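As the structure is a prediction and not an experimental result, all values here were calculated from the model. Residue numbers start from 1 in every chain, and the chains themselves are labelled A, B, ... in the order their sequence lines are given, proteins ahead of strands.
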Amino acid sequence: MEHKLLIYNTLTRTKQIFKPLKEPYVGMYVCGPTVYGDGHLGHARPAITFDILFRFLTHLGYKVRYVRNITDVGHLEHDADEGEDKIAKKARLEQKEPMEVVQYYLNRYHSAMEKLGVLPPSIEPHASGHIIEQIDFVKKILDAGYAYESEGSIYFDVKKYNKDHRYGKLSGRNIEDLLETTRELDGQSEKHCALDFALWKKAQPEHIMRWPSPWSDGFPGWHMECSAMGTKYLGEEFDIHGGGMDLIFPHHECEIAQSTAALGKETVHYWMHNNMITINGQKMGKSLGNFITLDEFFTGNHKLLTQAYAPMTIRFFILQAHYRSTVDFSNEALVAAEKGFARLCESYARLQKLTPSKETSMEMKNYRQLCEDAMLDDLNTPIVISHLYDATRIINTVADGKATISEADLKELKEVFDLYLIEILGMRVEENSGAANDAYKGAVDLLLEIRKQAKTNKDWATSDKIRDELARLGFKVKDTKDGFEWSL
RNA sequence: GGUUCCUUGGAUGAGUGGCUUAGUCAGCGGUCUGCAAAACCGUGUACAGCAGUUCGAAUCUGCUAGGAACCUCCA
């Protein structure tokens, strides 16, 4: 590949040139949701961030295998070792089969992602479907001597591991500090050290989700699934592992330790983490209870929302910030994103109708190059968007009849918009089509044709009546140089 | 307390050691228009504070203040 794609690697805390293990193949693993509740705005961030990466890598010519897991087992409340399984708890509360809960929220997650324009990953493995692989992985760690059995459960021996490798390299911690700050938790007598984490947990008698293993009937520890499934589908070494920043510790740290212990080598080459979405300067999250679900955004049905927001508004809002910055949610910011995106859409529509002239009378920058440069610099989507706005000015000026554009430049602009706005940023701008839609569009057009006629006759009463009545119904009518435009 | 990071104009949000310090939204002025809307043009004392490095820093270093994330489940 010719390009130089820079990716910020959490492991080195620097931007690095991206070099896949085996060109043109790229393996990419991203931590997906735990399906025990509706997805909220925070869940949209990694989904969209890595969707952009997936799209851009594909555009660059890579053959990407994108794995995004579904956590449907082994994820415990409160404390990683003693809490109740999240899925099981929800199932108990709702009197459902655990897998019924999983399916319900997974369906809703998929639906929300589809609305947000997030492409489905290549593989979407479930933790519950890979118990055997996880047990095998635990065995490897036991064989390597970095884990021990205690009361039917298997724990990772962090101290031993830290002698041979460095535990904490991703999050910049060392175990001495960790030991000092680790809280005393109940029921840790099984563990040799407070830092040790469960690889396999023996199930209590009342625990519904359980599988047989050489050690006990139980279930895998939380971090296990990513190590097992990531290496199963992408190999013992692969290129990119992504997720939210809040997963750096302990989740990704433990993953590194597990994989290194079991395989004797580093599995992941580039660790990428998206920043958080905040609300009033604070992280939006489940534990803080300050989250707004995606459906609530789509319907406007939440007390903090002054209106409903289209999925594309949410996507645009997220893309207007760099993925490693926090984004603060507010109605004002979302409304601004909504208006800004609407303007971009209108220009895109105008672009399709522009008539070319002999030459271009405005300065045309090399937008294709500018956009690509921005994307190559650690996926700088806000810059890409700013270049598109720059091009928008040309489109609108030409549409106003105040400038001209050559056929070649027009073609280039169309291609750049299709490539960056639609294909890479993944924004949907097309209007709904269909027979019913076409019929009603024709009707509105007809009304406005009549209005145009009235205007020619200086019949302002009729022309204003049509415009005002349409406005009352929610249509926005805009007069142009030689006709009209309208939108809802 | 430890680790990591942040602080940019009315709101949001990029960015680089010096070239015009993006863009969006809002505001103001103008052009256009029968009027309006849209569009276009113009406009904004912005880079937390202090000190240092430098010919030059908002961008590098140090200190101070404020804030955040992680250290427990979290995207």
Side-chain angles (χ1 to χ4, degrees), chain A residues 10 13 30-34 39-50 75-83 86 168 171-174 176-178 180-183 185 195 222 242-251 253 273-278 281-288 291 316-317 320-322 324-328 330-341 343-344 346-347 350 374 377 380-390 392-393 395-403 455 458-460 463-464 467-468 471 476-481 484-487:
Chain A
T10 309
R13 315 247 166 206
V30 174
C31 288
T34 304
H40 60 75
L41 186 59
H43 291 102
R45 191 106 195 250
I48 290 173
T49 297
F50 294 104
H75 208 158
L76 307 184
E77 295 268 354
H78 310 306
D79 159 50
D81 301 320
E82 289 304 314
K86 286 185 173 183
S171 55
R173 286 152 217 255
N174 58 64
E176 289 78 19
D177 291 342
L178 283 168
E180 277 174 27
T181 56
T182 301
R183 298 188 321 180
L185 294 165
L195 295 180
W222 172 35
M245 261 180 156
D246 49 357
L247 296 178
I248 293 174
F249 191 92
H251 184 53
E253 202 70 76
H273 293 94
N274 61 275
N275 214 319
M276 302 291 105
I277 288 179
T278 59
Q282 239 197 353
K283 174 184 168 182
M284 182 182 280
K286 278 223 165 91
S287 45
L288 290 162
F291 63 91
F316 195 69
F317 170 69
Q320 269 191 308
H322 185 86
R324 282 191 290 112
S325 301
T326 55
V327 192
D328 200 50
S330 69
N331 279 286
E332 202 185 356
L334 276 178
V335 168
E338 183 178 54
K339 286 186 186 172
F341 178 54
R343 211 161 77 79
L344 216 46
E346 281 174 22
S347 292
R350 281 183 198 126
D377 185 13
N380 201 328
T381 54
I383 295 294
V384 173
I385 291 172
S386 80
H387 291 313
L388 292 178
Y389 274 114
D390 200 44
T392 287
R393 224 175 40 246
I395 295 167
N396 289 334
T397 306
V398 173
D400 266 0
K402 289 172 184 154
K455 279 174 66 182
K458 297 201 191 297
D459 181 0
W460 310 130
S463 89
D464 285 357
R467 185 180 66 197
D468 296 346
K476 275 185 241 163
V477 176
K478 299 166 199 165
D479 289 351
T480 61
K481 193 160 174 283
F484 52 82
E485 279 179 7
W486 62 270
S487 58

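- Residue A:Gln282 is in sugar-phosphate contact alone, with no base atom involved, counting any heavy-atom pair closer than 4.0 Å across all strands shown.
- In this structure, A:Gly285 reaches neither bases nor backbone, as no heavy-atom distance under 4.0 Å exists between it and the strands shown.
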| request: If a protein heavy atom is under 4.0 Å from the base, mark B; if only from the sugar-phosphate, S; if neither, -; do that for nucleotides 32-39 of chain B going 5' to 3'. | output: --BBBBSB

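- Taking atom CG of A:Asn275 as the reference point, atom C1' of B:C5 lies 8 Å away to the nearest angstrom.
- Taking A:His387 as the reference, nothing meets the ring-ring contact (aromatic ring centres under 6.0 Å, His included) condition, with sequence neighbours excluded.
- A:Lys286 is listed as a side-chain neighbour of A:His43, based on a closest heavy-atom distance under 4.5 Å.
- Comparing the C1' positions of B:A26 and B:U16 gives an interatomic distance of 27 Å, to the nearest angstrom.
- Between the A:Thr278 side chain and the A:Val327 main chain, a donor and an acceptor come within less than 3.5 Å of each other.
- B:U24 atom C1' lies 10 Å from atom CG of A:Leu344, rounded to whole Å.
- Rounded to an integer number of Å, the gap from A:Leu288 CG to B:U72 C1' is 12 Å.
- As rounded to the nearest Å, B:U45 and B:U54 have C1' atoms that lie 26 Å from one another.
- Comparing B:G66 with B:C28, their C1' atoms are spaced 33 Å from each other, to the whole Å.
- A:Phe249 has its CZ atom 17 Å from the C1' atom of B:C5, to the nearest Å.
- Only the P atoms considered, B:A68 is 23 Å distant from B:G62, to the nearest whole Å.
- Partners of A:Phe317 by ring-ring contact (aromatic ring centres under 6.0 Å, His included), not counting sequence neighbours: none found.
- Atom-to-atom, NE2 of A:His273 to P of B:C5 comes out at 14 Å; the value is rounded to the nearest Å.
- Rounded to a whole angstrom, the distance from the C1' atom of B:G49 to that of B:G42 is 34 Å.
- A donor-acceptor contact shorter than 3.5 Å is absent between the side chain of A:Tyr389 and the backbone of A:Arg343.
- In terms of heavy-atom proximity, A:Ser325 sits nearest to A:Asn275 at O-CB, 3.2 Å.
- The minimum heavy-atom distance between A:Ala399 and A:Arg350, with the atom names listed, is CB-CD, 3.9 Å.
- The separation of B:U3 from B:U72, taken at their P atoms, amounts to 16 Å, rounded to a whole angstrom.
- The nearest whole Å value for the distance from the CD1 atom in A:Ile385 to the C1' atom in B:G23 is 9 Å.
- Paired runs in RNA chain B that reach 3 or more consecutive Watson-Crick or G-U pairs, where each pair keeps both distances under 3.5 Å, cover B:1-7 with B:65-71, B:10-12 with B:23-25, B:27-31 with B:39-43, B:48-52 with B:60-64.
- Summary of the strand contacts: A:His43 and A:Tyr389 both lie near RNA chain B, and taking for each the nucleotide with the nearest heavy atom, the more 5' one is attributed to A:Tyr389.
- Nearest heavy-atom pair across A:Asn274 and A:Pro46 is OD1-CB, 3.2 Å.
- Looking only at side-chain heavy atoms (C-beta outward), A:Arg393 and A:Asn396 stay at 4.5 Å or farther from each other.
- Distance noted for atom C1' between B:A58 and B:U8: 8 Å (whole Å).
- Shown here for A:Met276 and A:Met245, the closest heavy-atom pair between the two residues is CE-N, 3.4 Å.
- Of all the heavy atoms in A:Ser347 and A:Ile395, the pair that sits closest is O-CG2, 3.5 Å.
- Across all strands shown, A:Leu41 has no heavy atoms under 4.0 Å from either base or sugar-phosphate atoms.
- Look at the C1' atom in both B:G67 and B:G29: the space between them is 38 Å, to the nearest Å.
- Residue-level contact check: A:His40 touches the bases, meaning some heavy atom is under 4.0 Å from a base atom.
- For the pair A:Asp377 and A:Pro33, nearest-nucleotide mapping onto RNA chain B gives the more 5' position to A:Asp377.
- Here B:A69 presents its P atom at 12 Å from CE of A:Met245, a figure rounded to the nearest Å.
- Comment: A:Lys478 engages A:Glu346 in a salt bridge, judged by a side-chain N to carboxylate O separation of less than 4.0 angstrom.
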Pairs under 3.5 angstrom, nitrogen or oxygen only, protein versus nucleotides 10-14 of chain B, please.
{"unit_1": "B:A11", "atom_1": "O2'", "unit_2": "A:Glu332", "atom_2": "OE1", "d": "3.1"}
{"unit_1": "B:G13", "atom_1": "OP1", "unit_2": "A:Asp328", "atom_2": "N", "d": "3.2"}
{"unit_1": "B:A14", "atom_1": "OP1", "unit_2": "A:His322", "atom_2": "N", "d": "2.5"}
{"unit_1": "B:A14", "atom_1": "OP1", "unit_2": "A:Ser325", "atom_2": "OG", "d": "3.1"}
{"unit_1": "B:A14", "atom_1": "O3'", "unit_2": "A:Asn380", "atom_2": "ND2", "d": "3.3"}

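- Computed from coordinates, the A:Leu247 CG to B:U3 P distance equals 22 Å when rounded to whole Å.
- When the ring-ring contact (aromatic ring centres under 6.0 Å, His included) test is applied to A:His322, no partner is found at least two apart in sequence or on another chain.
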